[in-house]
Amino acid sequence: NHAPFEFKDLPYADGKLEVRGLKNGVATQSKTIFTPGKPVALSLRIDTLGRKFTADGSDILPAYVTAVDKNGTAINDPSIIVKLSVEGDASVIGDNARIYANPDKLRNGEAAFLVQAGYKAGKITLKASAKGLKTAMATTQTVAAETDMVVAGAYTIYDNEVLNVDLGAADQLVQFGWTPWNGVDNMSSNQHFDALGGFDATLKCGSDKGVIRWLGEMNVIGKYGFVYGEGVLGVDSTGLNLVLQGLKAGKYTMTTYHHAPSSNTDSMDPNREKLKSVSINKLPYANTLNITVADANGSAKMETKVTSGSKMQYEQPGMATFEFSADGVHEVVISIKDPNAAKGIWFNGFSLVQWK
């Protein structure tokens, strides 16, 4: 993010060297370095960045000591031997073990130590000393350890209630855990749900000229064939509207299913004669749908594909997942449209969950 500047062939002289950054002729930044002098003091830093120091008998923090001159310039002198002492319930690993752990000599201008916590939480004071140099001190704090691993590893779990709704005619087959919503051809349909605190829903065409057809079980093979093996087909240039009224205030996620089912019936299926007269699945339908959600925060738009066929063992059906907000007062409208406003709109079911 910053251009490097190199200064070559500078004449050497003891003392101060200052670099200034100019903007429109005015110095806005500066950096000063000094010729290293004689070491006069130690500087001590404990690395606690981004972590706690837990009094569990094993937690460790690193501490770093440098020697500096009168200007604070670090001095690289490996002959300087540093000793670190501790006040409080902690210790230096390798203390007096004669392995250059403590005391330690400056390596590339720095001596590094590992401080191990004890079991009693409280203030820890470190003191660095070296012959002929001013000592340095730094403090930190250990926190009590949580020894109950169940409590230490616990986190909040929200078991959010999910409402699964399967749309179709009265003879549809509904899987356990799914709520049926059955309607009558060419009529808007109203449904009350006790889930999620209770609310009402209406499914209708966007205009009075729309046609709405409800299809019963078409025996589509697949993991969720019971959902997309039947459904609602709406034919309306203004779309098919799902209106939610009385939803409790909060944030919700909805997944809608869009599949054009075809019969997978064999000669043993008791619905065979009925299927001969069913023509809803022969009507032209849109392969792509636009979904608009109007909620308490405005509106949002997305697009989804429509799958088709009699077998969906391994493939996912056409689905759209989106979020919306309810304010507890105004209705939420999910509008599903053919972008070309010419063909039918398949809607097989939906899942609704409120996030707590």
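- Here the shortest heavy-atom pairing between Thr253 and Glu323 reads OG1-CG, 3.6 Å.
- Atom OG of Ser129 is separated from atom CG of Leu42 by 7.5 Å, given to the nearest 0.5 angstrom.
- A distance of 12.0 Å separates OG1 of Thr54 from CD1 of Ile60, quoted to the nearest 0.5 Å.
- Without hydrogens or angle criteria, His258 side chain to Gly318 main chain gives no donor-acceptor distance under 3.5 Å.
- Counting heavy atoms from C-beta outward, Leu61 and Lys52 have side chains that stay 4.5 Å or more apart.
- Under a cut-off of 6.0 angstrom, the local environment of CD in Gln29 is sparse, with at most 12 non-hydrogen atoms contributed by other residues, nucleotides or ligands.
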For this session: Run the numbers on Thr125 and Thr139 for side-chain hydrogen bond (donor to acceptor under 3.5 Å, both in side chains), then give the verdict.
Result: CA-CA 4 Å; Thr125 301; Thr139 63; 5.7 Å; no
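- Residues Leu203 and Val232 meet the side-chain proximity criterion, which asks for heavy atoms closer than 4.5 Å.
- Ring-plane geometry between Tyr257 and Trp178 is classed as perpendicular, the angle between the planes exceeding 60 degrees on a 0 to 90 degree scale with a lower cut at 30.
- Using a 4.5 Å heavy-atom threshold, the side chains of Leu215 and Trp346 count as touching.
- Summarising the geometry of Asp59 relative to Phe53, their closest heavy-atom pair is O-CE1, 3.4 Å, with the distance given to 0.1 Å.
- Put simply, CG on Asp236 and CD1 on Ile336 are 12.5 Å apart, with the number rounded to the nearest 0.5 Å.
- The local environment of NZ in Lys204 is sparse, with at most 12 non-hydrogen atoms from other residues, nucleotides or ligands closer than 6.0 Å.
- Judged by the 6.0 Å and 45° rule, Lys105 forms a cation-pi pair with Tyr100.
- By the neighbour-count criterion of 12 heavy atoms within 6.0 Å, atom CG of Asp208 is sparsely surrounded, having that number or fewer from other residues, nucleotides or ligands.
- A donor-acceptor pair under 3.5 Å links the side-chain atoms of Thr35 to the main chain of Gly15, judged by distance alone.
- Closest non-hydrogen pair, Val220 versus His259, comes out as CG1-NE2, 4.3 Å.
- Within the model, atoms NZ of Lys343 and CG of Asp338 stand 7.5 Å from one another, a figure rounded to the nearest 0.5 Å.
- Of the possible donor and acceptor atoms, none in the side chain of Asn340 sits under 3.5 Å from a partner among the backbone N and O of Ala342.
- Distance alone, capped at 3.5 Å, is enough to place a donor-acceptor pair between the Thr304 side chain and the Met319 backbone.
- A donor-acceptor contact shorter than 3.5 Å links the side chain of Thr142 to the backbone of Gly122.
- In this structure, Thr238 contributes its side chain and Ser207 its backbone to a donor-acceptor pair below 3.5 Å.
- Asn96 is not listed as a side-chain neighbour of Arg98, based on a closest heavy-atom distance of 4.5 Å or more.
- Of the residues listed (Val353, Val293, Leu247), the one engaging Tyr252 in a side chain to side chain contact (heavy atoms under 4.5 Å, CB included) is Leu247, and it is the only one.
- Closest heavy-atom contact between Leu240 and Ile345: N-CD1, 3.9 Å.
- A distance-only check finds a donor-acceptor pair linking the side chain of Asp77 to the backbone of Ser79 [under 3.5 Å].
- Contact between Asn182 and Trp214 at its shortest, heavy atoms only, is C-CZ3, 4.0 Å.
- Between Val174 and Glu217, the closest side-chain pair of non-hydrogen atoms is not below 4.5 Å.
- How far CD1 of Ile212 is from CG of Asn186: 8.0 Å, rounded to the nearest 0.5 Å.
- At least one side-chain heavy atom of Glu110 sits under 4.5 Å from a side-chain heavy atom of Arg45.
- Between Arg20 atom CZ and Thr28 atom OG1 the span is 11.5 Å, to the nearest 0.5 Å.
- Within 6.0 Å of the CZ atom in Arg107, the count of heavy atoms belonging to other residues, nucleotides or ligands exceeds 12.
- Applying side chain to side chain contact (heavy atoms under 4.5 Å, CB included) to Phe113 and the options Asp95, Val82, Ile46, Val86 leaves one that passes, Val82.
- Taking the side chain as every heavy atom from C-beta outward, Tyr228 and Thr307 never approach each other to under 4.5 Å.
- For OH of Tyr224, the number of neighbouring non-hydrogen atoms (other residues, nucleotides, ligands) closer than 6.0 Å is 12 at most.
- When side chains are defined from C-beta on, Pro39 does not count as touching Asp69, because their heavy atoms never get closer than 4.5 Å.
- Crowding of Met187 atom CE: a count of heavy atoms from other residues, nucleotides or ligands under 6.0 Å not exceeding 12.
- For the residue pair Thr140/Thr48, the side-chain donor-acceptor check at 3.5 Å is not satisfied.
- The 12-atom threshold is exceeded at CZ of Arg51, counting heavy atoms of other residues, nucleotides or ligands nearer than 6.0 Å.
- Of the possible polar contacts, none joining the Asn190 side chain to the Thr202 backbone as a donor-acceptor pair under 3.5 Å is found.
- Put simply, the side chain of Gln354 gets close to the backbone of Ala249: a donor and an acceptor are under 3.5 Å apart.
- Counting all heavy atoms, side chain and backbone alike, Ser325 lies closest to Asp295 at N-OD2, 2.8 Å.
- When atom types are taken as modelled, the side chain of Glu161 and the backbone of Leu352 share no donor-acceptor pair closer than 3.5 angstrom.
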Exercise. Does the pair Thr288 and Lys305 meet the rule for a side-chain hydrogen bond (donor to acceptor under 3.5 Å, both in side chains), with working shown?
Worked result: CA-CA 5 Å; Thr288 301; Lys305 297 293 183 181; 3.2 Å; yes
